[in-house]
Number of protein chains: 2
Amino acid sequence: MNRTTLKDVAARAGVSHQTVSNVLNDHPSLRPATRARVLDAIRELDYHPNQAARALRQPQTTTLCCVFYDAAPVDIADPYRNLIQSAFIASAQAHGYSMTTAFVRRSSPEDHRALRSAFLQQRFGGALLIGSSLSAEQVAELTSWQLPAVLFDQQLPGSGVANVNADYAAGMAQLVAHHAAQGRTRLALILPGDDPGSTALERRQGFVSATRQRGLDAQIVEGDWTAASGEAAFLALWQGGPKPDAVLAGNDRMAAGALRAARQLGLDVPQQVAISGFDDFEFARYTAPTLTTVQVPYAEMAQVAVGLLAGQVGGQATNELAAPSQRRLPTRLIVRESA
Amino acid sequence: MNRTTLKDVAARAGVSHQTVSNVLNDHPSLRPATRARVLDAIRELDYHPNQAARALRQPQTTTLCCVFYDAAPVDIADPYRNLIQSAFIASAQAHGYSMTTAFVRRSSPEDHRALRSAFLQQRFGGALLIGSSLSAEQVAELTSWQLPAVLFDQQLPGSGVANVNADYAAGMAQLVAHHAAQGRTRLALILPGDDPGSTALERRQGFVSATRQRGLDAQIVEGDWTAASGEAAFLALWQGGPKPDAVLAGNDRMAAGALRAARQLGLDVPQQVAISGFDDFEFARYTAPTLTTVQVPYAEMAQVAVGLLAGQVGGQATNELAAPSQRRLPTRLIVRESA
DNA sequence: TTGATTGATTTGAACGTTCAAATGAATTCA
DNA sequence: TGAATTCATTTGAACGTTCAAATCAATCAA
C-alpha cells in the first residue's frame, strides 16, 4: 500500500524532489544526464505520480466531463447518445484525457445543483455540453465556472462558446430533393418541438424551406425521437385526413417506428409510401426495407469537439475563447430501399 | 478564481477547520447547534469541498472506472457495450459516484500499461471489468492494485473476485426448447469462440446440452458478435450442405445480419427458416419480421454490479472479498415473429 | 581578474483536506 | 467533593505534488 513518491525517486536518483518534478513536466533547463538518471529511477521504482496531489496544486484536472441534458431520466438504449458518448470517450482517451459522464434532467433543479457541485468539487479540464435547448442563462452559468466548454449539437449565437454541429438543414434539403426526384409531392415530417438552437429546429427549417421552394405539400407531426413515438406519429397520419406519399422521420429511431407502423397497416414501402430517417445508425442497414437516411458524421464531430477542448485545455484557452470555434460538418444522403 | 475553503467556512462559523470537516463527514459527536451553524456558513459561502485535497488524504476516490476489454479498437456502435456502459454510468450517479470509462485492446501491451498507470495515478474507488476472457493472471494483476473489482459477464472461478452474470445457458436452453416446440429439428448456432469463462462459452454449452438432450441436429458456425458476421455466417450456411431449419444467432446484432441474409436469399422467415437472437435490444422489436430473442436484464445487472462495488467501497470491503458475491440473474424468452 | 549573466539544481512553503493526539467542558460515580 | 469518564472541539502535522525564491556552478564581457 505504501506507494513510491517523488521523494523516493529523488533519493534513488540522487537529486532533489523538485528535479524529479521537472523531469515529469519536462522543464526546459535540465541536463540530459540528470534527466536520464531520473527516468531510470522512475522505471526502476515503477513510480506513478499521484494525480490527487498534482490536482491539488494545479488549477485543472486532466479529466473531461460530458454532460447530457435530457427532458427525461436517461434512456440507456438511446443510440444517439450512446454513439456520441462512446466516441467522446474514445477521443478523450486518444488525447490522454479521461472522461466522466453526467446525466442531467433538464427540469430537475436537484440535478443541476449536483452537476454544479461536481464541477466545483472535481476541477474538470473541460466540459462537453450535449443535448438540445440549453438556455443562454444556463450556458452563462456553466461558463461562469471558469472551465473550457464546447456545445455539441446546439447553437447558441453570441454565447461565445465553441460549438460543433452538422449541417442539418442542408441534409434535410438533400433529403427533400431526393423525395421530390422520386415523384413524391406530399411530405410529412415527424419531429420534436423547435427549441431555439436545437438540431430539431435546424432540421425543421431545412424541411420547411426546401418543400416551400419546390411547392410541395408539407406537414409536420410531433415525435419525441423515440421509436415508439415514430410509430404512433405514423399511425396518426394514417388515421387523419390527407395521407402523405413520403414520411420523413427526424431520426432513424423514429423511422424504425414508422416502418413498423407501415408494416402493421399493410402498406408497401416504398411503393405506397416512402419512409426516410436521419442519422444513419447501424440498424438502418438491417431494417426491411433498408432505410434511406442522411448520414451524420457523429464520430468525426465528437473528435472535433474533444480536440477543441483538448486544445483549450492545452493552454491557448484565451485565444480560443476570443474567437470561439463554430464547426459545422457536412451530412450525406444515403439512399437505400425505403425511399 | 479564489475558491472558498474549509478555513473560510470555519472562520465564518466561528469554529475550527476540523469541526467543519467533521460536519462534512458527519462525525457522530457533534452538537446539533454547531452542526447547524456550520451548515449555514457552508450555504452562505457556497462552499464545495475540494476533491483533490480530499483524495490526497484518503486512500480512494469516489470515482469508479469501467474497463472494456476488446479484441479490436472500440466499436462505438456496439449496442451491447453502449447499453451496459450507460447503465453503469446511470447507476454510479445514483450511488453518488462518478464513472470513467477505459477501452483496452486485449492484445495491446501499451493499452495495458496505460490502464495500469491510470489505476495507480487516479485512485479509483473500484473497477468494473467487462468483456470476455480475461485471464486469471490479468485479473490477479488487477486485483493486486488493491482496489475493489467486479467482473461483469465473465466467470473466473476461484479468482475470489465478485462477478455478475445472467443465466445464459438456461436462456439458450429455453430458446432451443422453443424452436423444438415449433417443430424445428436442425439447429445452427452462430457464435464466437469459446474462451473459458466467457458468455459465449455459456451460451454454447447451453445450446449443446439442450440440443443433445432433445436429439436435435446441431451445428455451430463462427461469428464475431457483429451484424456483418451474422450475415456472412448465414450466407455460408446456405452455401454449404445440409441446411438448418432454425438459425440461432448468439446475439441480436448477428441476428439482424442473419435476417438480412435470409431476405437476400429470398427465404421466408419463419416459414422456411426460423431466426432468433439473444439480448433483446430495442431494435429487435423493429426488424421485419420482429425478432424472437432471449431477454437479458442488462440494466438490472449493471445496477447490481455497481451496487456491489459501492458496497465494497463503502467499507465492508473485507467482508465482501472474503465471500465474493456471485450473482446470476435470470433470462427470459421473448417470442416474436421470426421464430 | 572580476562582476554580471545564464543555466542547473535545491530549498522551503503552499495547495485544502483528513488523521492523530491534545485540550477543555460536562457528566458520572464513589 | 474529587477523580474518572465521556463528549465536543481544537491543534498541529501530514498527504505528494508544484510554485517561488534561493543557491551553486559555469560562462561571458569588460
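Letters go in sequence order (proteins before strands), and every chain restarts at 1.
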Just how far, in rounded Å, is [atom2] of [N] from [atom1] of [X]?
| X | N | atom1 | atom2 | value |
| --- | --- | --- | --- | --- |
| B:L6 | D:dT11 | CG | C1' | 15 Å |
| B:N50 | D:dC15 | CG | C1' | 13 Å |
| A:L56 | C:dA13 | CG | P | 17 Å |
| B:Q18 | D:dG12 | CD | P | 13 Å |
| B:I42 | C:dT17 | CD1 | C1' | 13 Å |
| A:L30 | C:dT9 | CG | C1' | 9 Å |
| B:Q60 | C:dC19 | CD | P | 11 Å |
| A:H27 | D:dT18 | NE2 | C1' | 12 Å |

Measuring to OP1 and OP2 of [N], would you say a side-chain N or O of [X] lies under 4.0 angstrom away?
| X | N | result |
| --- | --- | --- |
| A:T5 | D:dG16 | no |
| A:N25 | D:dT18 | yes |
| B:T34 | D:dA8 | no |
| A:S21 | D:dT18 | yes |
| B:R31 | D:dT9 | yes |

Where the side chain of B:N50 meets the backbone of B:A53, is there a donor-acceptor pair that is under 3.5 Å apart? yes
Validation row: B:M301, B:I84 side chains within 4.5 angstrom (heavy atoms): no
Let me know, please, whether A:K7 or B:P32 comes out on the 5' side of the other along DNA chain D by nearest nucleotide. B:P32
At under 4.0 Å between heavy atoms, what does [X] touch on the DNA or RNA strands: base, sugar-phosphate, or nothing?
| X | answer |
| --- | --- |
| B:L24 | nothing |
| A:H17 | base |
| A:T19 | base |

Any N or O donor-acceptor pair under 3.5 Å from the base of [N] to the side chain of [X]?
| X | N | result |
| --- | --- | --- |
| A:R57 | D:dT18 | yes |
| B:R54 | C:dT17 | no |
| B:Q58 | D:dC15 | no |

With distance as the sole criterion, is a donor-acceptor pair present between the side chains of [X] and [Y] under 3.5 Å?
| X | Y | result |
| --- | --- | --- |
| B:Q51 | A:Q122 | no |
| B:T100 | A:T100 | no |
| B:D195 | B:S198 | no |

Give the nucleotide from the list [options] with an atom nearest to the side chain of [X].
| X | options | answer |
| --- | --- | --- |
| A:Y47 | D:dT10, D:dC15, D:dT17 | D:dT17 |
| A:V15 | C:dT10, C:dT17, D:dG16 | C:dT10 |
| A:S29 | C:dG16, C:dG7, C:dT18 | C:dG7 |

Check step by step if ring-ring contact (aromatic ring centres under 6.0 Å, His included) holds for B:F88 and B:F152. CA-CA 11 Å; B:F88 286 142; B:F152 190 91; 5.0 Å; yes
